[in-house]
Amino acid sequence: MNKLISIILPCYKAEKFIGNIINDVTNQTYQDWELLVISNGEGQDSQLSIIDGFRKIDNRIKLFSIPTGGVSLARNIGLQNAVGDWITFLDADDRIDDNHLQLYVDALERENWKCDMVVGGYYFVKGSNCIEEKKIQSNDLKDFILTNNTIMIAALWNKIFRKQTIGNEQFKFGYTVSEDVHFNLRVYRNLSKMVSIPMTGYRYYWLDNGNATSKYHACREEVQRENDKLLYELYLLCGLSKEQARVNILNSKYIETYFLVINLYKRGCPLGFWQKRKKIRQLLFEDYEIKEAYDLYPLSRQSIYVKFLTIGYKLHSPLLITIFYSILFYIKNKIIRR
């Protein structure tokens with residue numbers, strides 16, 4: 001069996017970080033790997049120079065440069081050019097311990113390499129002194145889907161996949177947010193066997209740089225709708241009844257609606273005040289499942305920002321909601337500019 005691990009690493013304006021993560025890969029105790037680095041975007045000379053320096057020293061490092069297309073296209077290029085039987089992903093601004101790949105391999109060897117995915121915990125790093133261990137407890141797909149938090153399910157970087165299990169699945173072009181969730185949920189449908197390890201050697205760095213979290217994503221509503229369909233299908237595959245699967249979807253719908261609403265106030269949204277009010281009316285008051293979703297989730301368990309959305313919904317006032325979030329984001333943007 002080919003035990004080569006293909007590591008896919010997209011990068012965009014990552015000259016501050018890219019050397020660190022590539023160096024981490026070259027220092028792995030498990031050395032049967034290839035690293036596919038996909039530089040995305042024009043004007044990346046500094047980034048390309050750093051990557052090329054590593055590539056000239058180690059021929060296991062392969063460099064691809066695309067002028068545009070986003071992270072989904074970059075990862076697809078990685079998938080198309082990977083020659084290993086096993087696929088894993090990295091983010092350019094994160095780090096991995098020297099034993100990261102070996103932890104996957106140890107798990108695969110215990111299973112005689114007869115599984116489709118290994119998933120594990122990770123280190124959450126926020127600032128210089130805050131490091132939390134995010135361990136995983138799940139031992140099968142049902143437990144994994146039903147009991148783990150969103151980031152554990154959504155992340156690409158705490159998993160290794162059998163390439164054959166991924167098959168022809170690709171990242172959806174044009175999805176600029178939650179594209180990793182969409183990809184994972186489709187791949188999960190193909191799993192026959194998964195195993196988990198408490199921790200990988202992955203260090204996820206929380207960088208509040210305002211990029212993905214502050215930008216408006218026109219595709220967000222479509223992505224959320226498609227991900228709900230995939231989750232519903234997975235719930236059924238996990239043995240839930242149609243009613244249980246539906247309730248699980250409704251339980252998360254209140255928070256999904258919140259993210260759709262605040263998306264309207266992110267940088268780059270083309271809608272004016274009254275257009276946002278109209279969109280909020282559509283999202284909250286023209287969706288027949290919303291009332292049931294809010295009824296299922298107690299107000300006491302909601303954050304203050306979601307609570308206000310719920311109150312605005314119960315008062316049947318899209319105008320009040322529009323005014324509140326307009327003021328909130330006006331203040332937040334003023335603070336950021338300072």
Side-chain angles (χ1 to χ4, degrees), residues 1-41 44-67 69 71-109 113 115-120 122-123 155-167 169-171 180 183 187 197 200-205:
M1 174 181 287
N2 177 1
K3 297 178 181 178
L4 178 70
I5 297 176
S6 294
I7 307 165
I8 297 174
L9 171 60
C11 53
Y12 172 73
K13 292 185 177 180
E15 57 270 10
K16 292 181 181 178
F17 317 105
I18 194 68
N20 290 332
I21 189 67
I22 294 178
N23 195 58
D24 287 349
V25 173
T26 61
N27 287 332
Q28 289 298 294
T29 55
Y30 184 81
Q31 286 285 303
D32 196 3
W33 52 262
E34 64 166 357
L35 176 64
L36 300 96
V37 188
I38 305 93
S39 177
N40 177 29
Q44 306 286 308
D45 291 347
S46 296
Q47 175 175 276
L48 287 168
S49 177
I50 295 168
I51 302 166
D52 199 47
F54 282 98
R55 184 183 62 83
K56 288 176 180 177
I57 297 171
D58 195 326
N59 61 12
R60 294 173 297 176
I61 299 171
K62 302 174 183 179
L63 173 60
F64 303 84
S65 182
I66 55 176
V71 69
S72 289
L73 177 61
R75 288 183 178 132
N76 285 341
I77 288 173
L79 287 172
Q80 291 159 12
N81 289 277
V83 298
D85 274 355
W86 298 91
I87 306 285
T88 191
F89 297 88
L90 300 177
D91 282 354
D93 52 2
D94 293 333
R95 303 294 301 269
I96 54 174
D97 293 344
D98 292 351
N99 66 342
H100 178 64
L101 295 181
Q102 188 63 55
L103 290 169
Y104 287 138
V105 171
D106 289 345
L108 289 167
E109 287 180 340
W113 297 84
C115 69
D116 299 306
M117 180 182 80
V118 179
V119 57
Y122 60 95
Y123 298 96
L156 293 164
W157 33 255
N158 65 332
K159 303 172 181 71
I160 189 168
F161 302 92
R162 183 189 294 275
K163 186 179 181 182
Q164 187 177 0
T165 301
I166 294 175
E169 299 290 359
Q170 291 195 331
F171 292 85
D180 46 1
F183 175 81
V187 172
I197 52 179
T200 65
Y202 200 92
R203 296 181 177 269
Y204 169 61
Y205 279 73

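Residues I38 and Y12 fail the side-chain proximity criterion, which asks for heavy atoms closer than 4.5 Å. The shortest side-chain heavy-atom distance between L35 and F54 does not fall under the 4.5 Å cut-off. Inter-residue side-chain proximity for L108 and W86 is flagged as met; some heavy-atom pair is nearer than 4.5 Å. Inter-residue side-chain proximity for L103 and Y30 is flagged as unmet; no heavy-atom pair is nearer than 4.5 Å. Looking at T26 and I61, their side chains come closer than 4.5 Å, going by heavy atoms from C-beta outward. Here the side chains of N81 and K62 are not in contact, with every heavy-atom distance at 4.5 Å or above.
In this structure Y122 satisfies the side chain to side chain donor-acceptor pair (under 3.5 Å) test with no other residue, sequence neighbours excluded. Qualifying side chain to side chain donor-acceptor pair (under 3.5 Å) partners for Q28, counting only residues two or more places apart in sequence or in other chains: none.
Proximity of a side-chain donor or acceptor of N23 to a complementary backbone N or O of G19 within less than 3.5 Å is not detected. Within the 3.5 Å criterion, the main-chain N or O of A82 finds a donor-acceptor partner in the side chain of K163. In this structure a side-chain-to-backbone donor-acceptor pair under 3.5 Å is present from D58 to R60. Q47 contributes a side-chain N or O that, together with a main-chain N or O of K13, makes up a donor-acceptor pair within less than 3.5 Å. Panel note: side chain R75, backbone D180; no donor-acceptor pair is recorded below 3.5 Å.
For the atom pair I5 CD1 and L101 CG, the distance stands at 4.5 Å (nearest 0.5 Å). Here CD1 of I66 is found 4.0 Å from CG of N40. Values are rounded to the nearest 0.5 Å. Within the model, atoms CG of D116 and NZ of K159 stand 14.5 Å from one another, a figure rounded to the nearest 0.5 Å. Rounded to the nearest 0.5 angstrom, W33 CH2 and L4 CG are separated by 10.0 Å. Of the inter-residue distances, the one linking I22 atom CD1 with C11 atom SG reads 7.0 Å to the nearest 0.5 angstrom. We find the CD1-CD1 distance between I166 and I87 to be 5.0 Å, quoted to the nearest 0.5 Å.
Of all heavy-atom pairs between L79 and I8, the closest is N-CD1, 3.5 Å. F183 and L156 get closest at one heavy-atom pair: CD2-CD2, 3.7 Å. Heavy-atom minimum distance, E34 versus S6: OE2-OG, 2.5 Å. Here the closest heavy-atom approach between residue G201 and residue N99 is recorded as CA-OD1, 4.5 Å. When every heavy atom of I197 is checked against every heavy atom of A107, the shortest pair comes out as CG2-CB, 3.7 Å. Residues D94 and I21 come closest through the heavy atom pair O-CD1, 3.3 Å.
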Derivation of the side chain to side chain contact (heavy atoms under 4.5 Å, CB included) call for L90 and V25: CA-CA 10 Å; L90 300 177; V25 173; 3.6 Å; yes
Determine whether D97 and R203 satisfy the following criterion, side chain to side chain contact (heavy atoms under 4.5 Å, CB included), listing intermediate values before the conclusion. CA-CA 8 Å; D97 293 344; R203 296 181 177 269; 2.7 Å; yes
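Listed by first then second residue, pairs satisfying salt bridge (charged side-chain N to carboxylate O under 4.0 Å, His left out) with a partner in residues 15-29 read D24-R95, not counting sequence neighbours.
Under the 30°/60° scheme for interplanar angles, the aromatic rings of F89 and F171 are found to stand perpendicular. Using the six-membered ring where Trp is involved, W157 and Y204 have ring planes that are parallel, under 30° apart on the 30 and 60° scheme.
Between the side chains of S39 and Q44, no donor-acceptor pair is found at a separation under 3.5 Å. With hydrogens and angles left out, the side-chain atoms of D106 and Q102 include a donor and acceptor closer than 3.5 Å.
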